[in-house]
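Here the structure is a predicted model, which is why all the values come from computation and not from measurement.
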Amino acid sequence: SPTDTKWYRNYVEWPPTTNRHFNMKVWRHLRVPYPKYLELLEEATKSLLFKVWHASTSSDCNGEELSLLELLVLGSLHYLGRGWTFDALKEFIGVLEETHCHFFHVFIHWGSTYLYDKYVVYPLTAEEAKSPQ
């Protein structure tokens, strides 16, 4: 079960956020700090694009428990940040490759629309273009 994995325990249930080693590992694996992961997760829970994954107690048409949004966002960030395969994510997170693949395409669409519009800002002056942000 995905909730029995080390990832679920370390990243969702009991993240040691005051541990420097944990925070460095999160940065290396996700390419974002842990608070940014939580922020992305919070925004994803509000998005209708992820409605099917919102309720962790829901089941699919076969009666199977739906994958947790927390783990799918983690998996997508690992896929982007570390170049992992969906097969490798299945081994670590316990979520089927097909589920990760489907979620990832929705996640990328969300990132290229909603997140892009929210966070990408073009410089208006030559000075702004020279300034590192």
Side-chain angles (χ1 to χ4, degrees):
S1 163
T3 56
D4 293 329
T5 63
K6 187 175 179 181
W7 275 38
Y8 184 79
R9 287 190 302 275
N10 286 346
Y11 287 99
V12 179
E13 252 184 343
W14 305 299
T17 55
T18 58
N19 181 301
R20 184 175 176 268
H21 177 70
F22 170 79
N23 288 312
M24 288 171 44
K25 182 175 76 169
V26 168
W27 176 254
R28 277 195 324 272
H29 288 202
L30 306 181
R31 300 294 188 227
V32 296
Y34 190 78
K36 182 56 77 176
Y37 156 72
L38 293 176
E39 183 181 316
L40 283 171
L41 183 60
E42 176 73 24
E43 291 186 52
T45 60
K46 295 175 185 174
S47 173
L48 293 178
L49 288 173
F50 303 112
K51 183 178 181 180
V52 70
W53 295 286
H54 284 189
S56 61
T57 58
S58 298
S59 58
D60 66 13
C61 61
N62 296 323
E64 299 289 325
E65 184 179 331
L66 290 176
S67 301
L68 298 173
L69 186 61
E70 296 92 329
L71 293 175
L72 292 167
V73 171
L74 277 172
S76 294
L77 291 173
H78 265 76
Y79 184 88
L80 289 168
R82 302 286 287 193
W84 281 22
T85 62
F86 297 123
D87 180 56
L89 289 170
K90 181 196 180 300
E91 297 297 319
F92 283 88
I93 297 179
V95 174
L96 294 174
E97 303 97 285
E98 295 84 3
T99 303
H100 267 296
C101 185
H102 176 72
F103 179 84
F104 182 73
H105 284 88
V106 175
F107 186 77
I108 290 299
H109 172 72
W110 180 63
S112 66
T113 56
Y114 171 75
L115 293 179
Y116 183 89
D117 292 342
K118 183 174 180 175
Y119 292 106
V120 176
V121 181
Y122 293 104
L124 299 176
T125 65
E127 195 59 41
E128 286 179 1
K130 292 179 189 176
S131 172
Q133 299 266 335

Could I get the full list of side-chain hydrogen bond (donor to acceptor under 3.5 Å, both in side chains) partners for Lys25, not counting sequence neighbours?
none
Working note: Ser47 + Tyr114, criterion side-chain contact (heavy atoms from CB on, under 4.5 Å); need CA distance, chi angles, decisive distance, verdict.
CA-CA 9 Å; Ser47 173; Tyr114 171 75; over 6 Å; no
Could you tell me if the side chain of Val73 sits less than 4.5 Å from the side chain of Phe103, heavy atoms only?
yes
Between Trp7 and His78, does the ring pair (Phe, Tyr, Trp, His ring centres under 6.0 Å) criterion hold? Intermediate values first, please.
CA-CA 12 Å; Trp7 275 38; His78 265 76; 4.1 Å; yes
Donor-acceptor check, side chain of His109 to backbone of His105, threshold 3.5 angstrom: yes or no?
no
Which pair of non-hydrogen atoms, one from Pro123 and one from Ala129, has the smallest distance, and what is that distance?
CB-N, 3.6 Å
Name the residue from Tyr8, Tyr79, Trp84 that meets the ring-ring contact (aromatic ring centres under 6.0 Å, His included) definition with Phe92.
Trp84
Near Arg28 CZ, under 6.0 Å, is it more than 12 heavy atoms from other residues, nucleotides or ligands?
yes
Shared hydrophobic cluster, Leu49 / Tyr37 (ILVMFWY, side-chain heavy atoms < 4.5 Å)
yes
Above 12 or not: heavy atoms from other molecules or residues under 6.0 Å from NZ of Lys118?
yes
Are Tyr34 and Phe22, when compared by the centres of their aromatic rings, separated by less than 6.0 Å?
yes
Taking the side chain as everything from C-beta on, heavy atoms only, tell me whether Phe50 gets closer than 4.5 Å to Leu69.
yes
Rounded to the nearest 0.5 Å, how far does CG of Leu72 lie from CG of Leu77?
11.0 Å
Looking at side-chain heavy atoms only, is the closest gap between Leu80 and Arg31 below 4.5 Å?
no
So, do Val12 and Leu68 sit near enough that their side-chain heavy atoms are less than 4.5 Å apart?
no
Salt bridge (charged side-chain N to carboxylate O under 4.0 Å, His left out): which pairs involve residues 85-96, sequence neighbours left out?
none
Flag side-chain contact, heavy atom, 4.5 Å: Tyr11 against Thr5:
no
Is there a side-chain contact between Val52 and Val106 (heavy atoms, below 4.5 Å)?
no
Can you confirm whether Val26 sits close enough to Thr17 that some side-chain heavy atom of one is under 4.5 Å from a side-chain heavy atom of the other?
no
When hydrophobic residues are tied together by side-chain contacts of less than 4.5 Å, even through go-betweens, does Tyr119 share a cluster with Val32?
yes
Tell me whether Arg9 contacts the main-chain N or O of Asp4 through its side chain, where contact means a donor paired with an acceptor under 3.5 Å.
yes
Side-chain ion pair, Glu43 and Lys46, N-O less than 4.0 Å
no
Please answer whether the main-chain N or O of Thr18 pairs with a side-chain N or O of Asn23 as donor and acceptor at a distance below 3.5 Å.
no
Could you list the cluster mates of Val121? Members are the ILVMFWY residues connected by side-chain heavy atoms closer than 4.5 Å, either directly or through other members.
none
Identified ring-ring contact (aromatic ring centres under 6.0 Å, His included) counterpart of His102 within the set Phe86, Phe107, Trp53
Trp53
Heavy atoms of Glu128 and Tyr122 approach each other most closely as OE1-O, 4.4 Å
Gly75 and Ile93 have their tightest heavy-atom pair at CA-CD1, 3.7 Å
Is it the case that over 12 heavy atoms from other parts of the model lie below 6.0 angstrom from the CD atom of Glu127?
no
Leu41 and Ile108: same hydrophobic cluster, using ILVMFWY side-chain contacts below 4.5 Å?
yes
Minimum heavy-atom distance Leu71-Pro2, with the two atoms named:
CD1-CB, 3.4 Å
Pairwise distance OG1(Thr3) to CD(Glu13) - rounded to 0.5 angstrom
7.5 Å
